[in-house]
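No hydrogens, no waters, no symmetry mates; every other heavy atom, side chains included, goes into these values.
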Amino acid sequence: MIRYSTFGPYIDRDDIKTVSNAIQLKNWYKKPYYYCEKLEKEFSKFHKRKFALLTPNCTSAIHLFLHSLNLKSNDEVIAPECTWIASVSPVYQTKAKLILSDVDRQNFCISVEDIKKKITKNTKVIISVNLYGNMANYRELEKICKKKKIHLLEDAAESLGSTYYKKKSGSFGSASVFSFHRTKTMTTGEGGILLLDNKKIYNRCKMLRDHGRGENTKDLFNEEFSFKYMPSNMQAALGYSQFKKLPLLLKKKREIFENYKYYLKEIEEKIYLNEDNKIVKNGLWAVIIVLKNYDSIIVNKIFNLLKKKNYFPRPLFYPISLLPAYKKKNKKLGKKNINAHETYKGGLVLPSSYLLKKIDIKKICDLIKGAIRE
């Protein structure tokens, strides 16, 4: 029996062919960044952004943007409490202070109402994370950021293909980032991308990405001490091939979600699945299930039942303030973000790999329904 992980890539002959082309010896000399530039151009155009920079991973894309802003020690960056640590750890690589905001109970995205309470004259950036393909209230977020002259960074690592009022995820705010990790809808193995519209910030990020070498810098004559966040042409070749079949990948992800929805319809009054409605069309990278009563005992029971049958769910993200890493940085913990701390135990990320068959999803759903009904 196949050990079903929660996620995994969809790789076909076209991917192998494109990567094989990139690895040919002549292409190391003739066009060493051919696929990098091609993917940057087409991916930014798809999201109606002016510029794109591929990076080794999404975390470095976030850091690249934040670092380009020259944040000072009294500057503040607001980010949601419920997210993967990669969304917020780059803040600690700058001089700025991290401020954690509460989240919406149903979609786990950043709470606009809580942001309003936490904005100060020192707030320079708001990071909004589209968790599990769900999306925050970007109409309000963009209004707030425009009025207060705050940069909005859209962390779209998990929302490729999602839309908000028919506007693509990745097209909001000053900048947006995507992840191409092996678990994501499209992959480069590891990898990420930063999308921008501001030419000045783009040029600075591009210079910082390659040891401080700018467009007009003499060869080996660096403008700043910086970091090495350059992409690989082989990774980009895989990404370019994957991007070309994005409609197929999104279709497969939606089929997985619709099958879960169908087999769980008997208990739909007791659960939330991913946000997917007239306002937010979800890209459905991963299917989540959240019990409306947030019963952690039943959630743990479902988790163990699935693992026993060789299906491997994943817990929802822990609140950042619960992590040992956060406590080491913050000796005095502030007031708890109630929604974040009460809801994360109430659900699971269900197996969402391309390898899943309809019969597997039915078995998983039968186990879930049995655990909830007992």
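Checking side-chain atoms of Asn339 against main-chain N and O of Val103 turns up a donor-acceptor pair under 3.5 Å. A distance-only check finds a donor-acceptor pair linking the side chain of Gln242 to the backbone of Thr187 [under 3.5 Å]. Listed for the Thr55 side chain is a donor-acceptor partner under 3.5 Å among the backbone atoms of Gly192. In terms of modelled atom types and a separation under 3.5 Å, the side chain of Glu142 and the main chain of Gly173 share a donor-acceptor contact. Side-chain atoms of Trp285 come within 3.5 Å of backbone N or O of Thr183 as a donor-acceptor pair. Formation of a donor-acceptor pair under 3.5 Å by the Lys184 side chain with backbone atoms of Phe178 is not found in this model. Asn134 places a side-chain N or O within 3.5 Å of a backbone atom of Glu275 that can act as its donor or acceptor partner. With hydrogens and angles ignored, the 3.5 Å screen pairs no side-chain donor or acceptor of Ser241 with any backbone N or O of Ala237. No donor-acceptor pair closer than 3.5 Å links the side chain of Glu158 to the backbone N or O of Gly133.
Rounding to the nearest 0.5 Å places CD of Glu224 at 4.0 Å from CE of Met207.
Within 6.0 Å of NZ in Lys292 there are more than 12 heavy atoms belonging to other residues, nucleotides or ligands. Around the CZ atom of Arg373, the shell of radius 6.0 Å holds more than 12 heavy atoms that belong to other residues, nucleotides or ligands. Within a 6.0 Å radius of NZ in Lys31, more than 12 heavy atoms belonging to other residues, nucleotides or ligands are found.
Legend: residues meeting ring-ring contact (aromatic ring centres under 6.0 Å, His included) with Tyr344, ordered by chain and number and at least two apart, are Tyr318.
Ring centers of His63 and Phe227: under 6.0 Å apart, within the cut-off. Ring to ring, Phe243 and Phe46 are close: their centroids are under 6.0 angstrom apart.
A salt bridge links Lys245 with Asp12: the distance from a Lys NZ or Arg NE/NH1/NH2 to an Asp or Glu carboxylate oxygen falls below 4.0 Å. Salt-bridge formation is not detected for the pair Lys265/Glu268: no Lys NZ or Arg NE/NH1/NH2 atom is positioned less than 4.0 Å from an Asp or Glu carboxylate oxygen. In this structure, Asp276 does not pair ionically with Lys281, as no charged nitrogen and carboxylate oxygen lie closer than 4.0 Å. In summary, Glu113 and Lys116 engage in a salt bridge, as defined by a charged side-chain N under 4.0 Å from a carboxylate O.
Checking Ser169, Ser128, Ser176 one by one against Glu154, the side-chain hydrogen bond (donor to acceptor under 3.5 Å, both in side chains) holds for a single residue, Ser169.
Nearest heavy atom pair, residue Thr59 against residue Ser89, reads CG2-OG, 4.0 Å.
By the 30° and 60° cut-offs, the orientation of the rings of Phe172 relative to Tyr164 is perpendicular.
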